[in-house]
Amino acid sequence: MSEPTLTAKDRKITWQEAIAQAKISGRLPELIQGLLRRQVIDRQAQELGLEPTASELQIAADRFRQVQKLDTADATWKWLQANFLSVDDFEKIIAHKLITEKLAHHLFADRVEHHFHQNLLEYSSATIYEVVLEDRDLAMEIFYALQEGDLSFADVAHQYIPDSELKRRGGYVGSVNRRQLRPEISAAVFAAKPPQLIKPAITAIGVHLIYVEQIDRPQLDDSLRQKILMNMFDLWLDEQVADISTNISIE
């Protein structure tokens, strides 16, 4: 049997050459992880009997083409060629995406709401203004002046922020979540009752004066529900793969 090949415009590339390039470029571990993830999903789905129906496959294929802007048969064919895929490969991609979604839903759909309420702060965001100072005594002095109304936050930003763009915005940082803030700051920010100037917080980079304009508590809509579901599924899948990846050998 002849060795399988990928057909390029000027020559044929063997799969052995493709794997060699993946090794050289450091992409082989990523490819192996992807293969292991697929094997875990396929095995679990088969054990649970999670097979997509013909109508589900058609809907998923139409949605995929729409997202990829494959509006015509010619556009679809060119996309397949560019990605070295056959029509059969395309059908397998769609089927695998559907099986993955079905498995994730089977395993975690009934846990999403509890997870959301248990981790509500992780999905909340705060709109803040910030000025970072070097001197704690100066920061406290400005803090009290702001509380008394002797200064505005824009005044402080204009005087003490070196970055011209941030200065122009009056120290406006925008919407941030807990993970974007330093631990020394996040608890105080999300405990605030906006609009509120919180007490200066000291970190390794300086003393932070922060005005919390608004805190947004998200609703568990379909988009967030799907995001949480897939995050939980990805964590589970990583654990499954980690259990078997240490014994992998390449033949």
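Side chains are part of it too, since the values below use all heavy atoms of this structure and drop only hydrogens, waters and symmetry mates.
- For Gln68, the CD atom sits in a packed shell: over 12 heavy atoms of surrounding residues, nucleotides or ligands are nearer than 6.0 Å.
- Cluster annotation: Ile215 is not connected to Tyr123 through the hydrophobic network of ILVMFWY side chains, with a link wherever side-chain heavy atoms come within less than 4.5 Å.
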What pairs of donor and acceptor atoms, side-chain ones from residues 125-140 against any protein atom, are under 3.5 angstrom apart with sequence neighbours left out?
from	atom 1	to	atom 2	distance (Å)
Ser125	OG	Ser175	OG	3.4
Glu130	OE2	His208	ND1	2.6
Asp135	OD1	Asp137	N	3.0
Asp135	OD1	Leu138	N	2.6

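- With hydrogens and angles left out, the side-chain atoms of Gln214 and Asp216 include a donor and acceptor closer than 3.5 Å.
- Side-chain atoms of Leu220 and Glu113, non-hydrogen and from C-beta on, do get closer than 4.5 Å to each other.
- In this structure, Leu57 and Ala95 approach most closely via the heavy-atom pair CD2-CA, 3.7 Å.
- Of the charged side-chain nitrogens involved, none lies within less than 4.0 Å of a carboxylate oxygen, so that Asp89 and Lys92 do not count as a salt-bridged pair.
- Side-chain contact between Leu224 and Gln219 is absent, with no heavy atoms from C-beta onward closer than 4.5 Å.
- Remark: the backbone N or O of Arg27 is not paired with any side-chain donor or acceptor of Glu30 at under 3.5 angstrom.
- Closest approach of Phe116 and Pro218 over heavy atoms only: CZ-O, 3.3 Å.
- Hydrophobic clustering of Ile, Leu, Val, Met, Phe, Trp and Tyr side chains at less than 4.5 Å, counting indirect connections, keeps Leu36 apart from Ile93.
- Looking at His96 and Ile41, their side chains come closer than 4.5 Å, going by heavy atoms from C-beta outward.
- Between Arg65 and Phe90, the closest side-chain pair of non-hydrogen atoms falls below 4.5 Å.
- Closest of all the heavy-atom pairs between Leu209 and Pro200 is CD2-CG, 3.7 Å.
- A salt bridge links Glu165 with Arg169: the closest approach of a Lys/Arg side-chain nitrogen to an acidic carboxylate oxygen falls below 4.0 angstrom.
- Side-chain contact check for His115 versus Asn119: some heavy-atom pair is nearer than 4.5 Å.
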Under the salt bridge (Lys or Arg N to Asp or Glu O under 4.0 Å) criterion, do Asp221 and Lys227 qualify, and how do the steps go? CA-CA 10 Å; Asp221 58 15; Lys227 179 181 178 181; over 6 Å; no
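- Transitive grouping of hydrophobic side chains (ILVMFWY, heavy atoms separated by less than 4.5 Å) keeps Leu146 and Val189 in distinct clusters.
- Taking NE2 of His105 as the reference point, atom CG of Leu103 lies at 11.5 Å (rounded to 0.5 Å).
- Expressed to the nearest 0.5 Å, how far CG of Asn231 lies from CZ of Phe108 amounts to 11.0 Å.
- Side chains of Arg225 and Leu229 form no contact here, defined as non-hydrogen atoms less than 4.5 Å apart.
- Side-chain contact check for Trp236 versus Val40: some heavy-atom pair is nearer than 4.5 Å.
- Rounding to the nearest 0.5 Å places CD of Gln58 at 10.5 Å from OG1 of Thr53.
- The pair Arg37-Asp234 meets the salt-bridge criterion, since a charged nitrogen lies less than 4.0 angstrom from a carboxylate oxygen.
- The distance from the CZ atom of Arg63 to the CD1 atom of Ile94 is 8.5 Å, given to the nearest 0.5 Å.
- When ring centroids are compared, Phe64 and Trp79 come within the 6.0 Å threshold.
- Within a 6.0 Å radius of CD in Gln21, other residues, nucleotides and ligands contribute more than 12 heavy atoms.
- The minimum heavy-atom distance linking Ala187 with Arg178 is given by the pair CA-NH1, 4.5 Å.
- Expressed to the nearest 0.5 Å, how far CG of Leu50 lies from CD of Glu101 amounts to 12.0 Å.
- Side-chain contact, Asp222 with Gln226: no donor N or O sits under 3.5 Å from an acceptor N or O.
- Considering all non-hydrogen atoms of both residues, Ala75 and Leu70 come closest at O-CD2, 3.7 Å.
- Counting Ile, Leu, Val, Met, Phe, Trp and Tyr side chains that sit under 4.5 Å apart, directly or through other members, Ile202 shares a hydrophobic cluster with Val207.
- The same ILVMFWY cluster, assembled from side-chain heavy atoms under 4.5 Å apart, contains both Leu85 and Val87.
- Leu166 and Ile142 fall within a single hydrophobic cluster, where Ile, Leu, Val, Met, Phe, Trp and Tyr side chains are chained together by heavy-atom contacts under 4.5 Å.
- Surrounding NE2 of His114 are at most 12 heavy atoms belonging to other residues, nucleotides or ligands under 6.0 Å away.
- Taking every heavy atom of both residues into account, Phe153 and Ile210 meet most closely at CE1-C, 4.4 Å.
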I would like to know whether Leu121 and Arg217 meet side chain to side chain contact (heavy atoms under 4.5 Å, CB included); could you show each step before the answer? CA-CA 8 Å; Leu121 281 179; Arg217 311 288 185 186; 3.0 Å; yes
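- A distance-only check finds no donor-acceptor pair linking the side chain of Gln159 to the backbone of Val156 [under 3.5 Å].
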Checking salt bridge (Lys or Arg N to Asp or Glu O under 4.0 Å) for the pair Lys102/Glu51: CA distance, chi angles, key distance, verdict? CA-CA 8 Å; Lys102 281 178 171 286; Glu51 289 294 329; over 6 Å; no
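- The distance from the CG atom of Leu48 to the CZ atom of Arg43 is 11.0 Å, given to the nearest 0.5 Å.
- Salt bridge status for Glu122 with Arg179: present, with a side-chain N to carboxylate O gap under 4.0 Å.
- Using a 4.5 Å heavy-atom threshold, the side chains of Phe190 and Val212 count as separate.
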